[in-house]
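Below, all heavy atoms of this structure are taken into account, side chains as well, without hydrogens, waters or symmetry copies. Below, chains carry the letters A, B, ... as their sequence lines are ordered, and counting in each starts from 1.
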4 protein chains.
Amino acid sequence: MFPVSFGSDNHSGVHPQVWEALRKADSGYCPAYGDDPLTLEVLARIETLFGGGCEACFVMTGTGANVVSLQNYVRSFHAVFCAATAHINVDECGAVQKFTQARLQVIDTPDGKLTPALIYPKLLNNRDQHHSQGRVVSITQSTEYGTLYSLEELQALAAFAHQNGMFLHIDGARLANAAAALNCSLQAMTKDIGADIVSLGGAKNGLLLGEAVVSFRPEFTADIRFYRKQCTQLFSKMRYIAAQFEAYLEGDLWRVNALHANAMAALLASRLAEIPQLRITQPVAVNSVYVILPRAITPALQERFHFYMWNEALNEVRLMCSYNTTPEMIAEFVQTLKDML
Amino acid sequence: MFPVSFGSDNHSGVHPQVWEALRKADSGYCPAYGDDPLTLEVLARIETLFGGGCEACFVMTGTGANVVSLQNYVRSFHAVFCAATAHINVDECGAVQKFTQARLQVIDTPDGKLTPALIYPKLLNNRDQHHSQGRVVSITQSTEYGTLYSLEELQALAAFAHQNGMFLHIDGARLANAAAALNCSLQAMTKDIGADIVSLGGAKNGLLLGEAVVSFRPEFTADIRFYRKQCTQLFSKMRYIAAQFEAYLEGDLWRVNALHANAMAALLASRLAEIPQLRITQPVAVNSVYVILPRAITPALQERFHFYMWNEALNEVRLMCSYNTTPEMIAEFVQTLKDML
Amino acid sequence: MFPVSFGSDNHSGVHPQVWEALRKADSGYCPAYGDDPLTLEVLARIETLFGGGCEACFVMTGTGANVVSLQNYVRSFHAVFCAATAHINVDECGAVQKFTQARLQVIDTPDGKLTPALIYPKLLNNRDQHHSQGRVVSITQSTEYGTLYSLEELQALAAFAHQNGMFLHIDGARLANAAAALNCSLQAMTKDIGADIVSLGGAKNGLLLGEAVVSFRPEFTADIRFYRKQCTQLFSKMRYIAAQFEAYLEGDLWRVNALHANAMAALLASRLAEIPQLRITQPVAVNSVYVILPRAITPALQERFHFYMWNEALNEVRLMCSYNTTPEMIAEFVQTLKDML
Amino acid sequence: MFPVSFGSDNHSGVHPQVWEALRKADSGYCPAYGDDPLTLEVLARIETLFGGGCEACFVMTGTGANVVSLQNYVRSFHAVFCAATAHINVDECGAVQKFTQARLQVIDTPDGKLTPALIYPKLLNNRDQHHSQGRVVSITQSTEYGTLYSLEELQALAAFAHQNGMFLHIDGARLANAAAALNCSLQAMTKDIGADIVSLGGAKNGLLLGEAVVSFRPEFTADIRFYRKQCTQLFSKMRYIAAQFEAYLEGDLWRVNALHANAMAALLASRLAEIPQLRITQPVAVNSVYVILPRAITPALQERFHFYMWNEALNEVRLMCSYNTTPEMIAEFVQTLKDML
């Protein structure tokens with residue numbers, strides 16, 4: 001346990017309103033596996049929030065959300081395009097390949113963002129029996145680099161995917177942060193730009209656990225519940241995820257939390273930018289700051305504050321803010337850093 | 001939500017002491033994915049409880065516990081022996097096959113219990129390249145039929161497995177109920193009888209979520225953390241599972257809860273046994289009662305109390321008690337039933 | 001190498017007309033992987049033989065034919081019904097599970113034949129997310145026990161499968177023997193009875209290698225070429241399978257060979273039936289005879305003739321005839337056996 | 001069928017000595033699946049050829065050889081390093097991923113050759129549970145670009161792999177061409193440089209079908225026969241692969257054929273080098289020539305001679321020679337090309 005961590009937004013505890021909702025849900029007996037009225041009701045509210053005509057279900061983890069989402073679209077001879085930095089490529093220990101037996105077609109990017117121009121030369125939809133066939137473009141919004149696709153960029157990717165017989169999947173572990181940063185609705189960033197399946201993360205934005213998967217092509221996801229169960233992502237006491245999402249939707253808590261986390265990262269970045277010995281390496285669009293620290297002070301700083309080395313070669317570190325990061329913590333961090341320099 | 005459910009032990013809410021522990025854990029920032037001190041400490045306590053010389057880790061669900069446990073031992077050309085009624089065979093939508101690509105060698109049993117004599121004729125360890133090779137005997141203690149292996153039976157199965165080049169896996173979703181019924185320690189029922197890998201369930205006995213996998217052959221489970229992640233069973237905010245298990249171990253809450261659930265089932269069975277129109281079909285060893293009801297009254301009874309039809313052909317139903325079933329609920333259920341007859 | 005083998009129909013060499021066709025194909029350069037005119041022409045002839053409106057492709061082995069055929073229909077949450085004695089269950093080392101990640105729902109039968117009545121109690125098409133969903137009924141014609149489905153039985157199985165949202169797959173490793181025994185066309189036994197996908201074996205009936213997979217539901221098998229490649233069943237020098245099938249079709253060599261093998265088994269059975277110390281255990285419908293031998297003479301007999309023990313407990317052996325078994329071999333075998341008794 | 005093809009070395013027919021051996025093997029009955037004396041004897045000769053202390057087995061196809069070889073070493077959480085141009089990456093429709101559920105870690109190279117320096121920055125052996133762990137370095141000798149690893153380069157790669165807890169796999173579809181070009185023994189290029197598992201291709205060098213997999217670490221490949229069967233690569237009439245390899249070894253036919261194919265490519269390259277409008281893009285080390293043709297004449301040339309476009313953007317084509325390419329064919333090709341210019 002740390003007094004302060006910039007290590008990850010999942011280092012924070014559970015938001016008080018989420019606790020309250022959990023306790024409220026904790027009365028009496030309740031059917032398991034999502035057959036309870038609260039789950040049905042909250043899923044319906046999520047579907048409305050994403051613009052309707054879609055189908056939502058709950059899973060337990062972000063990796064689970066990605067695996068369950070992609071499995072609906074890919075057979076073993078398909079390929080999924082993703083950025084080299086994508087969570088499904090680097091941080092899930094091969095879960096997508098394990099589960100789907102399909103391949104990831106990995107694309108290098110400067111900023112974690114795919115574009116039609118980057119994908120086009122690697123298109124694999126020629127129906128040649130020797131080649132895996134491109135099937136899904138999978139992006140993360142906001143990205144693992146804390147960068148952001150604009151609505152226009154999203155629309156272009158969806159159109160490109162569809163024109164080439166593919167689908168657009170959005171890993172939305174930090175979809176809330178993206179919507180907050182773009183000041184748009186969840187619908188605008190998903191249904192309206194033409195996404196086929198997306199997730200809305202909870203654990204990185206104040207929940208104990210739980211993610212929602214939202215499918216805009218129910219005709220392709222009719223079997224999603226089977227895949228969720230096979231993937232060990234079916235939670236027995238589902239009411240406790242539903243209750244958390246109820247709180248998450250109430251007063252747009254998801255946006256409130258995300259706005260705060262984003263604002264804290266902006267504050268942190270602005271303070272760090274004033275220090276000439278540092279270099280911020282990525283635009284600070286949401287709740288993380290990538291910065292190159294002087295190598296000499298890094299270990300001492302890590303003893304005081306928790307954060308992760310991102311690129312050993314550059315001594316680039318990732319500083320991540322969350323819904324309960326405070327300006328005081330940032331001030332303390334910046335002051336400590338300055339003192340060390 | 002129901003006033004009373006005999007549907008499943010996972011229809012109950014979270015035990016008050018578990019809530020308390022959850023709230024206590026909810027302060028400050030904490031590393032994710034099990035790298036926090038609380039997780040390490042509670043895992044060490046679990047290892048002690050199971051007799052030491054073992055390695056424990058947490059997973060999120062019972063299906064996850066089975067998949068992660070078995071994957072360490074099976075390659076795709078292996079077979080896992082299990083009872084036809086085993087959870088891994090009927091209730092996990094093929095998760096074990098999906099994940100391991102191995103096969104289940106399913107054996108019919110009268111009571112959900114495997115024996116060496118039942119397995120022997122189907123042994124597959126001849127090294128013939130055309131045949132899947134038997135590798136694991138997987139049992140559930142207590143079984144899906146609410147029956148119980150004695151310590152002698154467990155020992156005989158472990159010895160049989162080992163003599164034939166196989167391993168013994170115990171699905172312990174209700175291991176607490178079994179230990180309570182046998183009035184023995186967890187160690188006596190697992191390490192001491194020669195089990196190779198077991199799980200200790202939580203969600204069916206008062207936790208919000210969480211199961212512990214305990215390996216007695218660390219040399220075979222060195223990669224278990226990779227399989228856990230690939231299987232989407234790595235929980236980010238692990239402290240919240242650790243905290244629950246801390247409460248679960250405190251004052252042997254796991255045993256207290258299980259004893260209560262077992263006692264309620266015994267009470268229920270004794271009351272039902274007095275009603276001549278009913279027939280109890282399985283010995284009531286732990287917390288469930290299988291009983292054949294008169295077909296005519298079943299729908300009306302199900303409107304008042306939640307429980308599941310087990311065998312449509314026989315009109316056999318399953319009545320399950322949990323840590324917070326009360327004698328009053330049982331009295332009310334029995335009275336209603338009597339009134340309907 | 002043996003002077004005589006009743007071990008398997010794949011112990012025989014290659015039929016002379018097949019050799020001739022192989023040599024004829026061996027001139028000049030030829031595109032690989034099936035893009036050559038001979039392959040296209042022979043596949044078209046096979047499609048005609050099966051009644052048209054179907055799509056044929058070549059694979060290399062019988063196990064390959066089963067895996068490639070089933071993969072088109074099953075996702076990982078599906079189940080394939082098969083007899084406990086089915087080749088896909090006992091003799092393919094779990095290849096179907098490995099490849100499809102789906103499960104086999106194995107059914108005990110007295111004679112290797114499935115029936116609607118045997119499957120019905122195990123139907124799994126309830127859309128319950130906890131259960132693998134029944135998707136394919138897979139049968140072997142003729143069966144691994146040398147028994148035979150009548151056209152009426154086949155029709156009933158296909159109808160049953162379709163009424164329950166499933167498909168009928170026929171493992172036709174010995175489809176030729178079955179058509180010969182039923183004195184019907186290949187079309188009558190496949191397309192006309194409502195089969196969805198079948199194979200026509202070659203290696204057990206005089207070819208060097210090669211099987212044809214014939215799909216009667218091209219809308220479900222549009223991706224079969226990708227699965228064939230992924231399954232390592234795409235042969236580079238395809239013309240050499242095509243040439244063999246050309247010879248196989250010429251003058252109905254497939255039927256001529258099968259009729260001969262069947263006749264030899266009938267002759268063998270009739271001679272063995274005259275010996276009171278023996279017991280023939282299965283009806284001799286095609287080219288194998290299952291017979292219980294006196295235990296004492298079996299080893300000595302196996303030194304003279306190659307054949308396999310089928311059931312150690314009963315001392316039941318399998319005697320298999322092929323396209324080039326001769327009456328003299330049978331006479332010699334029977335005489336030797338008599339001499340030993 | 002073409003009068004002349006430079007499309008691939010598998011466009012050629014079967015070598016006359018191989019035919020002869022096939023016919024010689026075609027007498028009498030023979031046990032299937034490799035249990036025949038010829039198979040055992042030829043495998044023993046192959047093991048001797050590779051320096052002994054190894055174990056060889058036959059598979060049917062090159063893709064099969066790769067899948068069966070790699071499966072012994074990788075679990076689903078492992079990664080296999082390979083060049084972006086590797087056959088396992090681009091030409092097997094994802095068979096390795098399908099079969100092993102592991103991932104390919106793909107590395108861009110200028111010439112199809114991996115080096116320690118290229119792999120080093122992507123090493124994945126940190127035992128972090130979030131990341132697939134590097135396990136095998138897989139190379140192709142000679143490469144898909146017709147380039148060649150020197151013995152020193154091979155040794156360096158093996159040493160690098162072993163120092164980092166990994167294994168070296170060599171896809172030897174054209175291992176014969178490489179040994180011919182390096183003028184070394186098969187042992188020198190495999191066992192002596194420290195390779196762990198390799199294949200020796202046949203179909204691209206005059207055989208009808210068949211590849212040998214040779215394991216230098218039998219302790220890691222004890223289960224290879226099970227994987228071969230599961231992978232549908234177990235040939236029933238194995239004597240016909242053994243017989244071909246017998247011919248292949250006789251008088252080093254494998255080397256004779258490969259030397260010829262290499263010499264023809266050298267001749268072709270030297271003639272093409274004289275034509276100023278062309279540009280040869282890769283060193284011609286074995287039996288292929290990569291050359292950029294004038295775009296205008298390509299279609300007309302492809303009507304006369306069969307060959308494949310390699311890089312559409314550059315109009316780079318691949319010209320491949322085989323054991324039965326003749327100087328006359330090359331002269332004719334070059335003359336036609338000159339006439340068109």
Side-chain angles (χ1 to χ4, degrees), chain A residues 1-8 10-14 19 22-23 25-33 36-38 59-68 91-95 97-99 101 203-204 207-209 225-237 239-240 306 322 324, chain B residues 1-8 10-14 19 22-23 25-33 36-38 59-68 91-95 97-99 101 203-204 207-209 225-237 239-240 306 322 324:
Chain A
M1 319 272 174
F2 311 107
V4 179
S5 172
F6 296 100
S8 177
N10 64 26
H11 287 194
S12 293
V14 177
W19 274 123
L22 277 167
R23 288 310 301 262
D26 189 47
S27 68
Y29 297 89
C30 180
Y33 305 116
D36 60 290
L38 181 63
V59 296
M60 300 179 82
T61 72
T63 295
N66 289 334
V67 169
V68 171
D91 282 319
E92 302 186 354
C93 197
Q97 287 105 322
K98 172 81 170 180
F99 200 70
Q101 298 180 305
K204 289 180 157 71
L207 302 196
L208 174 54
L209 87 158
R225 276 164 178 73
F226 297 103
Y227 289 128
R228 177 176 64 173
K229 176 63 195 173
Q230 267 206 318
C231 181
T232 76
Q233 283 286 307
L234 176 60
F235 185 30
S236 59
K237 293 180 164 174
R239 58 170 147 171
Y240 295 109
H306 194 266
S322 87
N324 65 1
Chain B
M1 320 272 172
F2 311 106
V4 179
S5 173
F6 295 101
S8 177
N10 63 26
H11 287 196
S12 293
V14 177
W19 273 122
L22 277 167
R23 289 310 301 263
D26 188 46
S27 68
Y29 298 89
C30 180
Y33 305 115
D36 60 292
L38 182 62
V59 297
M60 302 177 82
T61 71
T63 295
N66 288 334
V67 169
V68 170
D91 281 319
E92 302 185 354
C93 198
Q97 287 104 323
K98 171 82 170 178
F99 199 70
Q101 298 181 305
K204 289 181 157 70
L207 302 197
L208 174 54
L209 88 158
R225 277 164 177 72
F226 297 103
Y227 290 129
R228 178 176 63 173
K229 176 62 194 174
Q230 268 206 316
C231 181
T232 75
Q233 283 286 307
L234 176 59
F235 185 32
S236 59
K237 293 180 164 175
R239 58 169 147 172
Y240 295 110
H306 194 267
S322 87
N324 65 1

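Taking CG of B:Asn10 as the start and OG of B:Ser5 as the end, the distance is 8.5 Å to the nearest 0.5 Å. Atom CD in A:Gln233 sits 9.5 Å away from atom CZ in A:Arg228 (nearest 0.5 Å).
If you tally non-hydrogen atom pairs under 4.5 Å between each of A:Leu208, A:Leu234, A:Thr63 and chain B, the highest count goes to A:Leu208. Contact count versus chain A (heavy atoms, under 4.5 Å) is highest, among B:Val68, B:Val67, B:Val4, for B:Val4. When the candidates B:Gly7, B:Cys231, B:Ser8 are compared by the number of heavy-atom contacts under 4.5 Å with chain A, B:Cys231 comes out ahead. Per-residue counts of heavy-atom pairs under 4.5 Å with chain B were compared for A:Lys229, A:His306, A:Lys98; the largest is that of A:Lys98. Each of B:Leu209, B:Thr61, B:Asp26 has some count of heavy-atom pairs under 4.5 Å with chain A, and the biggest count is that of B:Asp26.
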Worked verdict on B:Cys30 versus A:His11 for side chain to side chain contact (heavy atoms under 4.5 Å, CB included)
CA-CA 5 Å; B:Cys30 180; A:His11 287 194; 5.7 Å; no
Residue pair A:Arg23, B:Trp19: steps toward the side chain to side chain contact (heavy atoms under 4.5 Å, CB included) verdict
CA-CA 8 Å; A:Arg23 288 310 301 262; B:Trp19 273 122; 3.4 Å; yes
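Looking at heavy atoms from C-beta onward, A:Tyr240 lies in side-chain contact with B:Val14 at the 4.5 angstrom threshold.
The contact between B:Leu22 and chain A is made by backbone and side chain atoms together, counting heavy-atom distances below 4.5 Å. B:Asn324 touches chain A through backbone and side chain together, each having a heavy atom under 4.5 Å away. Using a 4.5 Å cut-off between heavy atoms, B:Gln101 touches chain A through its side chain atoms alone.
A:Tyr227 and A:Phe99 have perpendicular rings, their planes meeting at more than 60° on a 0 to 90° scale where under 30° would count as parallel.
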